[in-house]
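Heads up: the structure comes next, in structure tokens.
Every chain is numbered from 1, with letters handed out A, B, ... down the list of sequences.
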There are 2 protein chains.
Amino acid sequence: MNLKKLSEILGLSQTTVSRALNGYPEVNEDTRIRVQAAADKHGYRPNSRAKGLATGRSMVIGHVIPTSSQHEMVNPIFGDFVAGAARTYAQNNYDMMFTHTPDTSVEDSYRRLFNRGVVDGIVLQGPKVIEPRISALSQMGVPFIVHGRSTCADVPYDWIDVNNQRSFERATQFLIDLGHRRIALINGLEEMDFARRRRNGYMAAMTNAGIEVDPDLLRSAEMTEIYGHQTACDMLKLDDPPTAILASSIISAVGVRRALEERGLKMGRDISVIAHDDELSYMRNGMDVPIFTATRSSVRHAGELAAEMLIDRINAPDDPPKTRLLEAELVVGSSTGPVPQRS
Amino acid sequence: MNLKKLSEILGLSQTTVSRALNGYPEVNEDTRIRVQAAADKHGYRPNSRAKGLATGRSMVIGHVIPTSSQHEMVNPIFGDFVAGAARTYAQNNYDMMFTHTPDTSVEDSYRRLFNRGVVDGIVLQGPKVIEPRISALSQMGVPFIVHGRSTCADVPYDWIDVNNQRSFERATQFLIDLGHRRIALINGLEEMDFARRRRNGYMAAMTNAGIEVDPDLLRSAEMTEIYGHQTACDMLKLDDPPTAILASSIISAVGVRRALEERGLKMGRDISVIAHDDELSYMRNGMDVPIFTATRSSVRHAGELAAEMLIDRINAPDDPPKTRLLEAELVVGSSTGPVPQRS
DNA sequence: TCAGACATTCAAAGCGCTTTGAAAAACGAT
DNA sequence: ATCGTTTTTCAAAGCGCTTTGAATGTCTGA
């Protein structure tokens, strides 16, 4: 069933039928009702390709799956972010399109998506400290939004981000206030912008308190459970092990906890742990009582907001760039405590 | 840059240019090379909407995000499954499209996707025991594949699934062989087909061994960490607590482990735990030595295979239905051991 | 009764591509 | 030189929709 057939059935022109269905004013109310009824009856659905061709809009937003090239992993926060975004899209009649590309040709795949007229806008996830994709997208004139920021971007752009620096500075300060000096940071990949900012926050607090940072207590990698576990194991073997650990993800924090438990150490008593909690739906940080003391910020909510901002941008391409900085909350659980006295 | 402009630049007709680029034989090799070069030079990318309109194919596969309506959660296995599928799609020049719909109108949203000509095929994820979507898709004539199966489907259809029944039967048998009688099953939502099959496997092994199943040891819900923890806590409070636990996901198994550790119980010595391991990239079941004894099957690999099967189906709509049953591997770690002697 | 204003409908062009059927060019064999 | 083949190119139609510009019908006030 297409427009032509439908209009023949109704004995009307395609123009009128099209207008009736799209709510244009220059059509008789009776006719509109009649058309609508016929459309429903015959299950007419406008072909979105044809519509897109005619209007120049596709009502599709493009995402490029952020696989870390090195390990071909899909970050679990991806799922929750997307779920948030999808919710907003659905409300605004957008669909979402995914492309998967080797890291090497990511920029090219954005270009392809947009130039081919597949999408009306693009969400850029997981920006790195140096992020050529941003200026590329900017030059192409695609509406886009970045989830996160890139320190080294030289053009203005829309972004939504958590105040990573501030939240990690606060978390570190919190540990320092509890008397900790040997504080480890189990961070995400250094090339990722968020990881850089978190480290800066950590550094700022440490420096501010006059504590020297021990490079042995700084580690960065893909934030898996295994990595958290391995790193914690390594650090606990040090002559002067950390008394507190800051983990960049609740996933790796789970790994840290496993390492501690293998050694019979109790979190909060023998060693303190703070995690960053993205409020992943399947891995919540406890119920009423948090499992980990954590810096908390819902990535799902960020997804919703990002989608809203992008749709705004599509509708108003010439507005000045908009940015949004979310503050993470510090929730205190039982995984932190005063530094234990040396026996 | 579009076909028309490009053909004008080249002084050729659109027909010839189109054919040259699409590898048709009836075009002079010299011309082809010249056209290709010009296309590269001007960065020509065929508009996929127009192409789709003309060919009737969109080169897009549709997925509907399986949010569990009750909790608005995004299953973490979703990310890995999709990553696997995306890989296959990329190799075959397909893109993937996502739609998010309230559970109530899922069927309608499939219909919309396909009827509007947005997608060439659909992947159905997370089928329930009773799954009206399958016959709906079947009637619509959409090429589709189901990840999992539905016990109550009355039409033949393509699917790929893990032998859930067999793997849980084996796992249960393994525990029985170790002397366990009080075996708990912390399962996924009962309405999900995979959960039903896992329970059947568990039941079969128990019945076969002449062990009566205690309903107190059967639980089912969304497989979160919190749920695993809560359920384990509850069960350990029973007068006659389980000596072994079967967890339907590594995520909830992590929750179980947390519950055990809170009580100072050691896995494998005081209580045995077996998990189902989907090989989630961020939550691997240990490195060389598995953390949990587990039934293992890569959901990412399932994603790759599902995509392949769907593409085959699209290319050969009239082939007889194809199905594929993957066997899960039982990997033995240190989370299982002989039943402890009553003191 | 008629011009002008307004409401309603329509035919046709255009979005950018593929594909059909025909034409032109090149070739080989007589 | 000529004719039948084969190779190569082209004009035009069509995919299903929107939208422009024109046409028709209705209504109003003079």
Side-chain angles (χ1 to χ4, degrees), chain A residues 1-36 38-39 42-60 93 95 111-120, chain B residues 1-39 42-60 93-95 111-120:
Chain A
M1 177 54 60
N2 56 24
L3 227 207
K4 194 174 173 189
K5 278 193 205 151
L6 187 64
S7 60
E8 278 166 6
I9 291 176
L10 282 159
L12 288 168
S13 73
Q14 297 190 36
T15 311
T16 306
V17 176
S18 168
R19 288 202 160 132
L21 293 173
N22 289 315
Y24 281 70
E26 58 271 70
V27 56
N28 190 311
E29 205 48 39
D30 294 347
T31 321
R32 187 192 304 284
I33 290 167
R34 200 159 63 89
V35 169
Q36 192 58 260
H42 296 91
Y44 169 70
R45 307 228 180 259
N47 179 307
S48 65
R49 274 191 252 111
K51 194 164 184 163
L53 233 206
T55 59
R57 304 186 107 202
S58 59
M59 299 308 284
V60 175
N93 289 313
D95 283 318
R111 178 162 285 129
R112 193 169 306 146
L113 263 188
F114 186 68
N115 279 5
R116 289 187 321 170
V118 183
V119 302
D120 292 339
Chain B
M1 177 55 58
N2 56 23
L3 226 208
K4 194 173 174 189
K5 278 192 203 151
L6 187 65
S7 60
E8 278 166 7
I9 291 176
L10 282 159
L12 288 169
S13 72
Q14 296 190 35
T15 311
T16 307
V17 176
S18 167
R19 288 201 160 132
L21 294 173
N22 289 315
Y24 281 70
E26 58 271 71
V27 56
N28 190 311
E29 204 50 40
D30 294 347
T31 320
R32 188 193 303 283
I33 290 166
R34 202 159 60 89
V35 169
Q36 191 58 261
H42 295 92
Y44 168 70
R45 306 226 182 262
N47 178 308
S48 63
R49 272 190 253 114
K51 195 164 184 162
L53 233 206
T55 58
R57 304 185 107 202
S58 59
M59 300 307 285
V60 175
N93 290 313
Y94 277 90
D95 284 319
R111 178 161 285 131
R112 192 171 304 146
L113 264 188
F114 186 68
N115 279 4
R116 290 186 321 170
V118 183
V119 303
D120 291 340

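- Between B:E8 and B:K5 there is no salt bridge, since no side-chain N of the basic residue sits under 4.0 Å from a carboxylate O of the acidic one.
- Look at B:S13 and you'll find a side-chain N or O under 4.0 angstrom from OP1 or OP2 of D:dC10.
- In this structure, A:E8 atom CD and C:dA11 atom P are separated by 11 Å, rounded to whole Å.
- Considering only side-chain N and O atoms, B:S18 lies nowhere under 4.0 angstrom from the phosphate OP1 or OP2 of C:dC17.
- Here the side chain of B:R49 pairs no donor or acceptor atom with the backbone of A:A54 at under 3.5 angstrom.
- For the pair B:Q14 CD and C:dG21 P, the computed distance is 19 Å after rounding to whole Å.
- Closest contact between the side chain of B:K51 and the listed nucleotides C:dC17, D:dT9, D:dC17 involves C:dC17.
- For the pair B:R19 CZ and D:dA11 P, the interatomic distance rounds to 13 Å; values are reported in whole Å.
- At whole-Å resolution of the value, CZ in B:R34 and P in D:dT9 are 8 Å apart.
- Judged by closest nucleotide on DNA chain D, B:V27 is the one of A:L3 and B:V27 placed further toward the 5' end.
- You'll find that the side chain of B:T15 is closest to C:dT20, out of C:dT20, D:dT18, C:dT9.
- Counting heavy atoms from C-beta on, the side chains of A:Y44 and A:V17 never come closer than 4.5 Å.
- Of the listed nucleotides (C:dG16, C:dT19, D:dT18), C:dT19 has the atom at the smallest distance from the side chain of B:Y24.
- An OP1 or OP2 oxygen of D:dC17 is reached within less than 4.0 angstrom by no side-chain nitrogen or oxygen of A:N47.
- The CG atom of A:N22 sits 17 Å away from the P atom of D:dG16 (whole-angstrom rounding).
- Of the listed nucleotides (C:dT9, D:dG16, D:dT9), C:dT9 has the atom at the smallest distance from the side chain of A:T31.
- Here A:T55 lies in heavy-atom contact (under 4.0 Å) with sugar-phosphate atoms only.
- In this structure the side chain of A:M59 never reaches within 4.5 angstrom of the side chain of A:S48, judged on heavy atoms.
- Out of D:dG14, D:dT9, D:dT20, the shortest distance to the side chain of B:A54 is found at D:dG14.
- Counting to the nearest Å, the P atom of C:dA7 and the CZ atom of A:R32 are 14 Å from each other.
- Look at NZ on B:K4: it is 13 Å from C1' on C:dC17, rounded to the nearest Å.
- The residue from B:V35, B:V27, B:N28 that alone fulfils the side-chain contact (heavy atoms from CB on, under 4.5 Å) condition with B:T16 is B:V27.
- Both A:E26 and B:L53 sit near DNA chain D, but only B:L53 has its closest nucleotide nearer the 5' end.
- Residue A:L6 contributes atom CG, which lies 9 Å from atom P of D:dC17 at whole-angstrom precision.
- Across all strands, B:S48 comes closer than 4.0 Å to no nucleic acid atom at all (heavy-atom distances).
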